[in-house]
Amino acid sequence: MERAVSRTVRLPAMKVGLLTGGGDCPGLNAVIRGAVRVGSSQFGHEHVGLLRGWRGLLQRDERPLTRDDVAPILTRGGTILGSSRTNPFKSEGGGEECVKAFADLGLDALIAIGGEDTLGVARRLHDELGLNVIGVPKTIDNDLSGTDYTFGFWTAVQIATDAIDRLHTTAESHDRVIVVEVMGRHAGWIALESGLAGGAHVILIPEVHASIDAVCERITKRRERGRGYAIVVVSEGVILEGGSHEGEVDEFGHTLLAKVGVGERLAEEIEEKIGGEARSVVLGHVQRGGTPTAFDRSLATRFGARAAQLVADGNFGRMVALTGDTVSDIPLSDAVSVLKTVPEDVYHRVEAVVAGP
Ligand code: F6P
């Protein structure tokens with residue numbers, strides 16, 4: 001139910017809500033700043049922040065967002081609006097309640113900044129209930145379709161790479177295997193890029209099955225060549241033989257993988273099968289914290305500016321996206337219909353380098 005407004009016709013000044021949902025991510029504040037700066041200076045929009053994701057809309061919990069409010073937040077990690085994994089569609093009539101809250105708050109448009117879950121809600125609110133919603137793709141996991149990159153991804157990769165660099169020296173000193181567990185619930189992008197950049201000796205991702213025996217064989221071969229240590233990078237979403245992802249779930253039905261501990265289990269299995277010492281390190285939420293890299297600040301700011309433009313044009317139901325070096329937009333439905341996972345051939349090309357002597 002897209003409003004029949006041409007892309008070039010400007011709507012009158014609007015009240016625009018912004019919210020950040022799901023796991024936080026470096027660059028969220030840069031998006032907010034970009035959207036508010038462009039929305040207010042170029043289109044005269046008024047902005048409010050809805051606090052803690054969809055929960056803020058349901059609870060009518062808003063705060064003003066002026067140019068002054070967003071002036072100092074470009075480099076700040078996290079989100080000044082707070083976040084949650086609240087799913088309005090989990091309870092009967094939750095979608096309709098969002099529509100009512102939107103009207104109660106006097107909103108004309110809403111910019112939802114989030115990953116597959118937050119944007120899945122945004123899509124339904126637009127397509128099924130006619131709300132004026134724009135999406136901005138956020139996730140360190142980089143698993144949203146329709147955009148080459150989500151902001152926050154390269155910051156997480158840099159943090160993981162820095163950690164791997166440090167782990168090399170301690171692993172080598174002690175002739176140990178160190179298993180580094182990185183985030184990546186369904187997609188192994190962080191493991192792939194940080195493992196490659198950090199010179200890991202094995203990379204394991206959820207998309208491609210690799211047996212524990214194959215991992216042990218790689219390590220044993222290294223030992224035979226006189227290299228006593230190894231760095232194994234594993235995505236949290238990898239399921240090992242005999243393992244499962246059953247456990248506590250969030251409102252969108254996702255298992256809280258940090259509590260499953262694939263890295264720890266893998267280290268134990270390696271010790272048991274081939275001896276020697278193995279340790280595991282879970283990078284966890286460190287990957288989501290702190291200031292975004294220059295690339296992510298710039299991408300997030302451009303995404304925010306584009307979202308403000310889409311609002312001004314009345315071009316709702318869209319998600320901003322990066323294609324090559326161009327920021328454009330695509331239907332929200334294209335972005336959330338299928339996850340962007342690592343293609344097998346891409347993984348094998350990287351692994352061919354990783355597996356070398
Ligand atoms: O969705 C991004 C993500 O970083 C996943 O990789 C991870 O499984 C999840 O968030 C963890 O989120 P939290 O512990 O904050 O619920």
Side-chain angles (χ1 to χ4, degrees), residues 14 16-43 45-54 56-57 62-84 109-119 121-122 133-142 144 146-156 288-312 315-316 318-323 326-330 332 335-336:
M14 299 169 159
V16 182
L18 291 95
L19 65 81
T20 52
D24 73 335
C25 178
L28 283 166
N29 288 323
V31 176
I32 295 167
R33 175 177 169 273
V36 170
R37 281 172 75 93
V38 171
S40 56
S41 63
Q42 289 193 23
F43 309 116
H45 294 159
E46 175 199 345
H47 299 90
V48 291
L50 303 170
L51 304 182
R52 294 178 198 83
W54 295 113
L57 179 62
E62 63 172 347
R63 59 159 277 188
L65 279 178
T66 64
R67 278 183 64 115
D68 281 350
D69 292 325
V70 301
I73 66 173
L74 174 62
T75 58
R76 198 183 301 171
T79 162
I80 60 165
L81 301 180
S83 193
S84 71
L110 178 60
I111 298 174
I113 312 163
E116 51 158 331
D117 298 326
T118 304
L119 297 186
V121 171
V133 184
I134 300 293
V136 179
K138 163 249 54 159
T139 163
I140 64 163
D141 291 0
N142 196 40
L144 276 168
T147 183
D148 288 355
Y149 293 112
T150 50
F151 67 86
F153 167 65
W154 282 108
T155 304
R288 296 211 314 230
T291 189
T293 57
F295 176 85
D296 280 335
R297 287 180 207 178
S298 157
L299 180 63
T301 303
R302 291 162 75 204
F303 275 179
R306 180 73 173 202
Q309 178 78 52
L310 289 170
V311 169
N315 205 359
F316 298 112
R318 317 270 309 165
M319 182 190 85
V320 304
L322 180 72
T323 313
T326 306
V327 172
S328 59
D329 51 86
I330 59 167
L332 266 171
V336 296

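This chain uses plain numbering: 1 for the first residue, then up along the sequence. Note that the structure is a prediction, hence the values are computed from the model and not measured.
- Residues forming a side-chain hydrogen bond (donor to acceptor under 3.5 Å, both in side chains) with Thr66 (at least two apart in sequence, or on another chain): Asp69.
- No donor-acceptor distance shorter than 3.5 angstrom exists from the side chain of Ser298 to the backbone of Ala294, with no hydrogens or angles considered.
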Leu19/Thr118 under side chain to side chain contact (heavy atoms under 4.5 Å, CB included): CA gap, chis, key distance, verdict: CA-CA 10 Å; Leu19 65 81; Thr118 304; 4.2 Å; yes
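- Partners of Asp117 under the side-chain hydrogen bond (donor to acceptor under 3.5 Å, both in side chains) rule, at least two apart in sequence or in another chain, are His254.
- Considering only residues two or more places apart in sequence or on other chains, Arg52 meets the side chain to side chain contact (heavy atoms under 4.5 Å, CB included) condition with Arg55, Asp61, Ser84.
- With rounding to the nearest 0.5 angstrom, the CG atom of Leu74 is 7.5 Å from the OG1 atom of Thr291.
- One distance of note links CD1 of Ile140 with OG1 of Thr150; it measures 9.0 Å at 0.5 Å rounding.
- Pairs passing the side chain to side chain donor-acceptor pair (under 3.5 Å) check and including a residue from residues 72-81, sequence neighbours excluded, read Thr20-Thr79.
- Between Leu28 atom CG and Phe151 atom CZ the span is 4.5 Å, to the nearest 0.5 Å.
- Between Asn142 and Tyr149 there is a side-chain heavy-atom pair separated by less than 4.5 Å.
- Among residues two or more places apart in sequence or in another chain, the salt bridge (charged side-chain N to carboxylate O under 4.0 Å, His left out) test is passed with Glu62 by Lys15.
- For the pair Lys138 (side chain) and Gly23 (backbone), a donor-acceptor distance under 3.5 Å is present.
- The closest side-chain heavy-atom distance from Leu51 to Leu81 is below 4.5 Å.
- Between Thr139 and Phe153, the closest side-chain pair of non-hydrogen atoms is not below 4.5 Å.
- No side-chain donor-acceptor contact under 3.5 Å links Ser83 to the backbone of Gly53.
- Using a 4.5 Å cut-off on side-chain heavy atoms (C-beta onward), Leu322 and Phe303 make contact.
- Between the CZ atom of Arg318 and the CD atom of Gln309 there is a distance of 13.0 Å, given to the nearest 0.5 Å.
- In this structure, Thr301 has no side-chain hydrogen bond (donor to acceptor under 3.5 Å, both in side chains) partners at least two apart in sequence or on a different chain.
- Using a distance-only test at 3.5 Å, with no hydrogens or angles considered, no donor-acceptor pair links the side chain of Asp24 to the main chain of Gly289.
- Under the rule for a side chain to side chain contact (heavy atoms under 4.5 Å, CB included), the partners of Ala307 that lie at least two apart in sequence or sit in another chain are Ile111, Ile134, Val136, Val320.
- Separating the CD1 atom in Ile32 from the CD1 atom in Ile73 is a distance of 5.0 Å, to the nearest 0.5 Å.
- Remark: Val121 engages Trp54, Asn87, Pro88, Phe89, Leu125, Phe252 in a side chain to side chain contact (heavy atoms under 4.5 Å, CB included) (not counting sequence neighbours).
- Residue pairs that meet the salt bridge (charged side-chain N to carboxylate O under 4.0 Å, His left out) test with at least one member in residues 292-303, sequence neighbours left out, do not exist here.
- Leu18 places a side-chain heavy atom less than 4.5 Å from the side chain of His47.
- Annotation: salt bridge (charged side-chain N to carboxylate O under 4.0 Å, His left out) contacts of Arg37 (sequence neighbours excluded): none.
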